[in-house]
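Reviewing the structure listed below.
Excluded from the calculations below are hydrogen atoms, water molecules and symmetry mates; all remaining heavy atoms, backbone and side chain alike, are included. A note on names: the letters A, B, ... follow the listed sequences, proteins ahead of strands, and every chain is numbered from 1.
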There are 2 protein chains.
Amino acid sequence: MKTRIAELRKKHKITQEELAMAVGVTRQTITSIEREKYTASLVLAYKIAKYFGTTIEDIFDFSEVEVEEIKK
Amino acid sequence: MKTRIAELRKKHKITQEELAMAVGVTRQTITSIEREKYTASLVLAYKIAKYFGTTIEDIFDFSEVEVEEIKK
DNA sequence: ATAAAATGTCAAGTATGCTTTACATTTTTT
DNA sequence: AAAAAATGTAAAGCATACTTGACATTTTAT
């Protein structure tokens, strides 16, 4: 899954290590998520979003996720 | 993790089975998430949120998640 | 140009998010 | 009250999200 993590890190001039420490994971986890090796868990996604002061949907790209909506 | 899934299901009068089918998981997965047996994955959380026409943060309760914020 | 820092990669191991199957229990409908 | 529908539970298995350790490669600083 594409994310805006690397972009936000560069904008704020922080390393993967610094972000990793702030959100409680290893630097390799941040690398893997940025490189789309795997998708962040819900809790980690939230922590990253809050760290950058925004929402999960603003950082993680769900455009390829197909969704149904409830009928009213 | 607490969620508002059961509440929204009741409000809209749909069963766990119906929600499960709509978001592409088994009925037992919905049960497990409602009963807090485990936390939904990011993609599933998004699908459920979109199904009910709202945001992840509105359905899943992150109040117990500790977060750091970037220093400006 | 060299050294240091940051990032990428790999592999093995652990934990968690799901699936499947089956039955129990509760709730709703008849 | 009985039957049907909905939900709860358990266990085993699979896939994925992470951790750890180590080294390679790239980027940045000197």
Return no unless some side-chain N or O of [X] is found under 4.0 Å from OP1 or OP2 of [N].
{"X": "A:Thr26", "N": "D:dT19", "value": "yes"}
{"X": "B:Thr31", "N": "D:dT7", "value": "no"}
{"X": "A:Ser41", "N": "C:dG17", "value": "no"}

Between [N] atom [atom2] and [X] atom [atom1], what is the distance in whole Å?
{"X": "B:Lys47", "N": "C:dG17", "atom1": "NZ", "atom2": "C1'", "result": "14 Å"}
{"X": "A:Ile30", "N": "C:dA6", "atom1": "CD1", "atom2": "C1'", "result": "14 Å"}
{"X": "A:Leu42", "N": "C:dC18", "atom1": "CG", "atom2": "P", "result": "9 Å"}
{"X": "A:Gln16", "N": "D:dT27", "atom1": "CD", "atom2": "P", "result": "13 Å"}
{"X": "B:Lys10", "N": "C:dT26", "atom1": "NZ", "atom2": "P", "result": "16 Å"}
{"X": "A:Glu18", "N": "C:dA5", "atom1": "CD", "atom2": "P", "result": "13 Å"}
{"X": "A:Leu44", "N": "C:dA15", "atom1": "CG", "atom2": "P", "result": "18 Å"}
{"X": "B:Lys13", "N": "D:dA5", "atom1": "NZ", "atom2": "C1'", "result": "17 Å"}

- Message: Before you tell me yes or no, could you show the steps for B:Phe60 and B:Thr39 under side-chain contact (heavy atoms from CB on, under 4.5 Å), namely the whole-Å CA-CA distance, both residues' side-chain angles and the distance that decides it to 0.1 Å?
- Response: CA-CA 9 Å; B:Phe60 297 83; B:Thr39 299; 5.6 Å; no

- Query: Any donor-acceptor pair under 3.5 Å joining the side chain of A:Gln28 to the base of C:dT7?
  - Reply: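 There is none.
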
- Within the side chain of A:Arg4, is there an N or O that forms a donor-acceptor pair under 3.5 Å with the backbone of A:Asp58?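 Indeed, once roles are kept as given, a pair shorter than 3.5 Å links the two residues.
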
- Message: Assess whether a salt bridge exists between A:Arg9 and A:Glu34, defined as any Lys/Arg side-chain N lying under 4.0 Å from an Asp/Glu carboxylate O.
- Response: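 Between A:Glu34 and A:Arg9 there is a salt bridge, with a charged N closer than 4.0 Å to a carboxylate O.
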
Just compare [options] and give me whichever is closest to any side-chain atom of [X].
{"X": "B:Arg35", "options": "C:dT9, D:dG8, C:dC18", "value": "D:dG8"}
{"X": "B:Tyr38", "options": "D:dT19, C:dG17, D:dT7", "value": "C:dG17"}
{"X": "A:Val25", "options": "C:dC18, D:dC18, D:dG8", "value": "D:dC18"}
{"X": "B:Thr15", "options": "D:dC18, D:dA6, C:dT9", "value": "D:dA6"}
{"X": "B:Arg27", "options": "C:dT7, D:dC18, C:dA22", "value": "C:dA22"}

- Message: Are more than 12 heavy atoms, taken from residues, nucleotides or ligands other than B:Met1, located less than 6.0 Å from that residue's CE atom?
- Response: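 Above 12, so yes.
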
- For A:Thr29, answer base if it contacts any base atom (sugar-phosphate contacts may also be present), sugar-phosphate if it contacts only those atoms, and nothing otherwise; contact means non-hydrogen atoms under 4.0 Å.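 The residue A:Thr29 makes base contact.
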
- Taking for each residue the nucleotide of DNA chain C bearing the nearest heavy atom, is the 5' side occupied by B:Thr39 or by A:Glu17?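 Here A:Glu17 is the residue nearer the 5' end.
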
- Message: Hydrogens and angles aside, do B:Thr29 and B:Thr26 bring a side-chain donor and acceptor to less than 3.5 Å of each other?
- Response: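 Result is yes, a qualifying pair exists.
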
